[in-house]
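The structure appears right after this line, and notes come after that.
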Amino acid sequence: SKIAIMAFLNRMHEWAYLAGDKFVYVNLLVFTKMVQMTLSHGLFEWSAASLSTLGSLSLWVMGDVDTAYHIGERALQIQERCESEAGKATTFASFYVFLFHHMKPLQSLSKLFLEGYQSGMRTGDKAMSMWCLYFYVIVIYMTGKPLKVIEEQCQASITQMVELKEEDQASCLRISWQLYLNLMGSSNNTVELSGKAMDEMEVVFTPATHAYFIIVKTIASTLFGRYELGAHLAIEKGDQQYLKTEEP
């Protein structure tokens, strides 16, 4: 059935992403096909999510912020029209992580990520719900909330992520948590991310979490004045396929 095809395509994009940078165009084809099916047959549960992700991919491939943002806004309108909330957390995560900040102030994002988190929990999309929760914590740090408040939110969020067996999100947030502890002076370390939240010498990284570790360690190097180390980390090879998704 067409619903089964859409579900298969929705999983296929995950496989294409994990397969590496050279499969980014497979991702583009997958989401183009999902959008085409929506235009031909009407709305599916994942129609809005596929359109928002197509907007993100068009930004990565073409570098056209205005077009990507226009596509993302149409995805939000479709999400509002859908009777089901399924896919809403994915729509929010894709649009607000990769597109929204190009046009709007970061301060407006925190409530939206909380909405995505709550929607994902209501619909059973725990993976994307936890990503929305993760990005909520990152945004409140970036917008200048007190470090003590952020540190407490990290503890509560990681506990929930672990309970739901969403280890990727928990691992990424532990890396940020340790940075916040270092900034608070709650660790004897500065650029070394070792302490209450994690020990960088003992963690077994996945390619994605290692890429994020490099990003956070580069930030720590900058904040603590270790510019040479930060520059070295910034040009380190081997994480390019993941780091590209973090670029503005």
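Computation of the quantities below employed the complete heavy-atom set of this structure, encompassing side-chain atoms and omitting hydrogens, waters and symmetry-equivalent molecules.
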- Please state whether the rings of Phe100 and Tyr69 are parallel, tilted or perpendicular, taking 30° and 60° as the class boundaries. tilted
- Keeping the roles fixed (side chain from Ser94, backbone from Thr91), state whether a donor-acceptor pair exists under 3.5 Å. no
- Message: Between Ser47 (side chain only) and Phe44 (backbone N and O only), is there a donor and an acceptor less than 3.5 Å apart?
- Response: yes
Name each donor-acceptor pair under 3.5 Å that joins a side chain in residues 192-200 to protein atoms two or more places apart or in another chain, with its distance.
residue, atom, partner, partner atom, Å
Glu192, OE2, Ser194, OG, 3.1
Ser194, OG, Asp199, OD1, 3.1
Ser194, OG, Glu200, N, 3.2
Asp199, OD1, Met201, N, 3.0
Glu200, OE1, Leu193, N, 2.7
Glu200, OE1, Lys217, NZ, 3.0
Glu200, OE2, Lys217, NZ, 3.4

- Does Thr143 reach the main-chain N or O of Val139 with its side chain, forming a donor-acceptor pair under 3.5 Å? yes
- Grab the two heavy atoms, one from Ser119 and one from Ala89, that are nearest each other, plus how far apart they are. OG-N, 4.3 Å
- Identify whether Val149 and Phe113 are in the same connected component of the hydrophobic contact network (ILVMFWY, side-chain heavy atoms under 4.5 Å). no
- Message: So does Asn182 get a backbone contact from the side chain of Ser186, meaning a donor-acceptor N/O pair under 3.5 Å?
- Response: no
- Quick check: are there more than 12 heavy atoms from other residues, nucleotides or ligands sitting under 6.0 Å from CE of Met103? yes
- Message: Could you tell me if the side chain of Val216 sits less than 4.5 Å from the side chain of Gln178, heavy atoms only?
- Response: no
- Message: With no hydrogens and no angle check, just 3.5 Å: does a side-chain donor-acceptor pair link Ser157 and Gln153?
- Response: yes
- Message: Counting neighbours of CD1 on Ile3 that are heavy atoms of other residues, nucleotides or ligands and sit closer than 6.0 Å, is the number greater than 12?
- Response: no
- Below 4.5 Å, heavy atoms only, C-beta onward: do Arg174 and Ile158 meet side chain to side chain? yes
- Could you give all pairs that pass the ring pair (Phe, Tyr, Trp, His ring centres under 6.0 Å) test and reach residues 154-187, with sequence neighbours left out? Tyr141-Tyr180
- Exercise: identify the closest heavy-atom pair between Ser50 and Met34: CB-CB, 3.6 Å
- Message: Starting from Leu39, can I reach Ile5 by hopping between I/L/V/M/F/W/Y residues whose side chains sit under 4.5 Å apart?
- Response: yes
- Item | Check: His210 and Val203 side chains under 4.5 Å, non-hydrogen atoms | no
- Task: For residues Val191 and Leu229, determine if any side-chain heavy atom of one lies less than 4.5 Å from a side-chain heavy atom of the other.
- Result: yes
- Query: Do Ser171 and Thr209 have side-chain N/O donor and acceptor atoms under 3.5 Å apart?
  - Reply: no
- Cut-off 3.5 Å, side chains only: do Glu151 and Gln155 have a donor facing an acceptor? yes
- Message: If you define the side chain from C-beta out and look only at heavy atoms, does anything of Thr53 sit under 4.5 Å from Phe98?
- Response: no
- Message: Using a 6.0 Å cut-off, check whether atom CZ of Arg226 has over 12 heavy atoms from anything other than its own residue.
- Response: no
- Message: If I take atom CD1 from residue Ile219 and atom CG from residue Leu183, how far apart are they, to the nearest 0.5 angstrom?
- Response: 10.0 Å
- How close do Ile71 and Leu51 get, heavy atom to heavy atom, and via which atoms? CG2-O, 3.2 Å
- Here the salt bridge (Lys or Arg N to Asp or Glu O under 4.0 Å) pairs for residues 117-145, sequence neighbours left out, are Glu85-Arg122, Lys126-Glu166
- Is it possible for you to say whether Val30 and Phe8 belong to one hydrophobic cluster, with membership spreading through side-chain heavy-atom contacts below 4.5 Å? yes
- Flag the pair Leu9 / Phe31 as yes when at least one side-chain heavy-atom distance between them is below 4.5 Å, and no otherwise. no
- Item | Derivation and outcome, side chain to side chain contact (heavy atoms under 4.5 Å, CB included), residues Leu112 and Glu115 | CA-CA 5 Å; Leu112 297 170; Glu115 185 179 347; 4.2 Å; yes
- Task: Considering non-hydrogen atoms only, spot the tightest contact between Leu59 and Ala68 and give its length.
- Result: CB-CB, 3.8 Å
- Message: Could you check whether atom CE of Met142 has more than 12 heavy atoms from other residues, nucleotides or ligands sitting under 6.0 Å from it?
- Response: no
- Enter the distance from Leu147:CG to Leu179:CG here, rounded to the nearest 0.5 Å. 8.5 Å
- Query: Out of curiosity, Leu99 CG to His70 NE2, how far, rounded to the nearest 0.5 Å?
  - Reply: 12.5 Å
- Inter-residue atom distance Asn189.CG - Phe224.CZ, 0.5 Å rounding: 9.5 Å
- For Ser58 and Gly55, indicate whether the former's side chain and the latter's backbone hold a donor-acceptor pair under 3.5 Å. yes
- Item | Euclidean distance, Thr38 OG1 relative to Lys33 NZ, rounded to 0.5 Å | 11.0 Å
- Note on the structure: Contacts satisfying salt bridge (Lys or Arg N to Asp or Glu O under 4.0 Å) that involve residues 49-65 (not counting sequence neighbours) are none
- Message: Please give me the minimum heavy-atom distance between Thr90 and Ser52, naming the atom from each residue.
- Response: O-OG, 4.3 Å
- Only pairs at least two apart or in different chains count here, so list each salt bridge (Lys or Arg N to Asp or Glu O under 4.0 Å) that has a residue in residues 177-191. none
- Message: Taking the side chain as everything from C-beta on, heavy atoms only, tell me whether Gln118 gets closer than 4.5 Å to Thr123.
- Response: no
- Query: Do Ser176 and Val137 come close enough that some side-chain heavy atom pair is under 4.5 Å?
  - Reply: no
Please report, to 0.1 Å, the donor-acceptor pairs under 3.5 Å made by any side chain of residues 127-136, with sequence neighbours excluded.
residue, atom, partner, partner atom, Å
Ser129, OG, Tyr117, O, 2.7
Tyr134, OH, Tyr212, OH, 3.1

- Would you name the heavy atoms of Ser108 and Pro105 that are closest together and state the gap between them? OG-O, 2.7 Å
- Task: Output the distance between atom CZ (Arg74) and atom CG (Leu54), rounded to the nearest 0.5 Å.
- Result: 13.5 Å
